[in-house]
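Scroll down for the structure; my scribbles are underneath it.
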Amino acid sequence: MSSIHLVIIDALNLIRRVHAAQHNDADIANTAKVCCQALHKIINLSQPTHIVAVFDHHGDDRGWRAELLPNYKEGRKPMPDALHAGMEIIQDAFMDMGIDSLLSDGDEADDLVATLALKVASRGEQVTIISTDKGYCQLLQPTLRIRDYFQERWLDSPFIEKEFGVKPEQLTDYWGLAGINSSKIPGVPGIGPKAAAELLSLYPSLEVILAADDLPAKWQKKIEAHRDSAIACKQVASLKTDLTLGFNLQDIRYQPTEA
């Protein structure tokens, strides 16, 4: 049995959903309370030895992805002002529970989560990421899993194959072709989800598709005309897993505080 179980909370994913469901936008104390109730449930179910909440940085830097795709995440609804102003209150509430907050610096929180999760999972230790973000599913492996707290489901291999028609390791290839509307990742014009899944059932990856000389004619011209876009879209959809972490596991060991 694994001696470590690291639980990583995709903090803004949790907080923004809880806050959106509140009747009074300005009631940060209530948002913090409901988030902590959720975290208590998560802890009771998962029994972590280590736990951390990872937050996006609040600067204007849109990160390396926007350099590759200038429209990336453009026009996304900003965080409500009241929530932004109350973030410290929420982080303090987490700390009172024994959960440290980690702030990403320049890179998106997703890359920080991915780096930490893979570092621990690659040593054969158990990692659970708490998020509704299917982007994390590209990391799936025997000791790394993703839990959607709100839908009470595991975002696992059978879920991915049913949802997208591809294997978890093909997700970034799929997004390189089909794009992600919500993040303004365009993919290849004229290649939709069905075509992307069909292509990836014939060829194992985007690179193999781009190198193939036997592509069916109905796709060949579209893909040939947008090779560079497809490569950039795959890159943007791929999580970085090689960030430098300025802490060790001992720093995020879970020590329950007295209620």
Side-chain angles (χ1 to χ4, degrees), residues 6-18 20-21 38 42 45-46 53-56 63-66 68-69 71-77 104 107-118 120-121 126-188 191-201 204-206 230 232-241 243:
L6 169 63
V7 171
I8 306 174
I9 311 292
D10 181 358
L12 292 187
N13 182 273
L14 176 76
I15 294 163
R16 289 187 77 148
R17 276 161 182 74
V18 167
I42 289 162
L45 282 169
S46 56
V54 179
F55 288 77
D56 273 300
W64 63 272
R65 289 181 172 87
L68 280 173
L69 290 179
N71 295 334
Y72 176 68
K73 285 190 176 177
E74 208 173 51
R76 275 220 166 164
K77 214 173 158 187
S104 68
D107 286 279
E108 287 181 77
D110 304 8
D111 297 321
L112 199 51
V113 169
T115 299
L116 176 57
L118 271 195
V120 175
Q126 182 66 54
V127 179
T128 304
I129 299 170
I130 307 291
S131 183
T132 64
D133 186 347
K134 299 177 187 79
Y136 289 122
C137 296
Q138 64 190 264
L139 304 171
L140 282 168
Q141 51 181 272
T143 60
L144 196 160
R145 54 192 188 165
I146 295 102
R147 179 73 174 171
D148 179 340
Y149 168 79
F150 296 97
Q151 299 280 339
E152 296 186 343
R153 64 186 178 184
W154 294 102
L155 305 183
D156 52 14
S157 293
F159 170 82
I160 292 304
E161 293 196 27
K162 191 177 172 193
E163 185 93 346
F164 299 103
V166 298
K167 296 170 183 158
E169 60 269 26
Q170 292 177 307
L171 274 173
T172 57
D173 304 291
Y174 172 88
W175 287 321
L177 292 163
I180 304 174
N181 282 342
S182 61
S183 297
K184 298 277 176 76
I185 297 176
V188 175
I191 301 280
K194 250 178 106 171
E198 200 177 329
L199 274 160
L200 288 164
S201 71
S205 69
L206 177 63
C233 290
K234 175 176 177 173
Q235 213 176 330
V236 165
S238 300
L239 293 168
K240 272 191 181 181
T241 58
L243 301 192

Exercise for the section: Answer yes if the side chains of Ser131 and Arg147 hold a donor-acceptor pair under 3.5 Å, and no otherwise. Expected result: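 There is no such pair (donor and acceptor under 3.5 Å, judged by atom type) between the side chains of Ser131 and Arg147.
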
First locate atom [atom1] of [X], then atom [atom2] of [Y], and finally report the distance between them rounded to the nearest 0.5 Å.
X      : Y      : atom1 : atom2 : answer
Asn13  : Ile130 : CG    : CD1   : 10.0 Å
Leu12  : Asp133 : CG    : CG    : 11.5 Å
Leu112 : Asp56  : CG    : CG    : 9.5 Å

Exercise for the section: May I have the step-by-step check of side chain to side chain contact (heavy atoms under 4.5 Å, CB included) for Leu155 and Leu140, ending in yes or no? Expected result: CA-CA 9 Å; Leu155 305 183; Leu140 282 168; 6.0 Å; no

Exercise for the section: From the options Ile42, Leu45, Ile129, select the one residue that forms a side chain to side chain contact (heavy atoms under 4.5 Å, CB included) with Val7. Expected result: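 Testing each of Ile42, Leu45, Ile129 against Val7, the sole residue satisfying side chain to side chain contact (heavy atoms under 4.5 Å, CB included) is Ile42.
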
Practice task
Taking the side chain as every heavy atom from C-beta outward, state whether Leu116 and Val127 have any pair of such atoms under 4.5 Å apart.
Solution key: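 Sidechains of Val127 and Leu116: no contact.
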
Exercise for the section: Would you confirm whether Lys240, through its side chain, and Asp111, through its main-chain N or O, come within 3.5 Å as a donor-acceptor pair? Expected result: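 Between the backbone of Asp111 and the side chain of Lys240 there is no qualifying donor-acceptor contact (under 3.5 Å).
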
Taking every non-hydrogen atom, the tightest pair across [X] and [Y]:
X      : Y      : answer
Ala121 : Thr143 : O-OG1, 3.2 Å
Ala38  : Leu14  : CB-CD1, 4.2 Å
Ile146 : Cys137 : CD1-CA, 3.9 Å

Exercise for the section: Not counting sequence neighbours, list each pair that qualifies as a ring-ring contact (aromatic ring centres under 6.0 Å, His included) and has a residue in residues 137-162. Expected result: none

Exercise for the section: Before giving the answer on side chain to side chain contact (heavy atoms under 4.5 Å, CB included), spell out for Ser183 and Tyr72 the whole-Å C-alpha distance, their side-chain angles and the decisive distance to 0.1 Å. Expected result: CA-CA 6 Å; Ser183 297; Tyr72 176 68; 4.0 Å; yes

Problem - Pairs flagged by salt bridge (Lys or Arg N to Asp or Glu O under 4.0 Å) wherever residues 148-159 is involved - sequence neighbours left out - result: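 For residues 148-159: Asp148-Arg153.
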
Handout entry: Which residues share a side chain to side chain contact (heavy atoms under 4.5 Å, CB included) with Ala232, sequence neighbours left out
Key =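 Side chain to side chain contact (heavy atoms under 4.5 Å, CB included) list for Ala232, sorted by chain: Leu69.
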
Exercise for the section: Could you pull out all residues at least two apart from Ala114 that satisfy side chain to side chain contact (heavy atoms under 4.5 Å, CB included)? Expected result: Leu139, Leu239, Thr241

Handout entry: Test side chain to side chain contact (heavy atoms under 4.5 Å, CB included) applied to Ser182 and Arg76, step by step
Key = CA-CA 8 Å; Ser182 61; Arg76 275 220 166 164; 3.9 Å; yes

Practice task
Answer yes or no: is there an ion pair linking Arg16 with Asp10, defined by an N-O contact shorter than 4.0 Å?
Solution key: no

Could you go through residues 160-181 and list every donor-acceptor pair under 3.5 Å that involves a side-chain atom there, pairing it with any protein atom two or more places apart or in another chain?
{"residue": "Gln170", "atom": "OE1", "partner": "Lys167", "partner atom": "N", "Å": "3.1"}
{"residue": "Gln170", "atom": "NE2", "partner": "Leu200", "partner atom": "O", "Å": "2.9"}
{"residue": "Gln170", "atom": "NE2", "partner": "Pro204", "partner atom": "O", "Å": "3.2"}
{"residue": "Asp173", "atom": "OD1", "partner": "Leu206", "partner atom": "N", "Å": "2.9"}
{"residue": "Asp173", "atom": "OD1", "partner": "Lys234", "partner atom": "NZ", "Å": "2.6"}

Handout entry: Which residues share a side chain to side chain donor-acceptor pair (under 3.5 Å) with Arg145, sequence neighbours left out
Key = Thr128

Exercise for the section: Please test Glu108 against Trp64 for side chain to side chain contact (heavy atoms under 4.5 Å, CB included), starting from the C-alpha separation and ending with a verdict. Expected result: CA-CA 9 Å; Glu108 287 181 77; Trp64 63 272; 5.7 Å; no

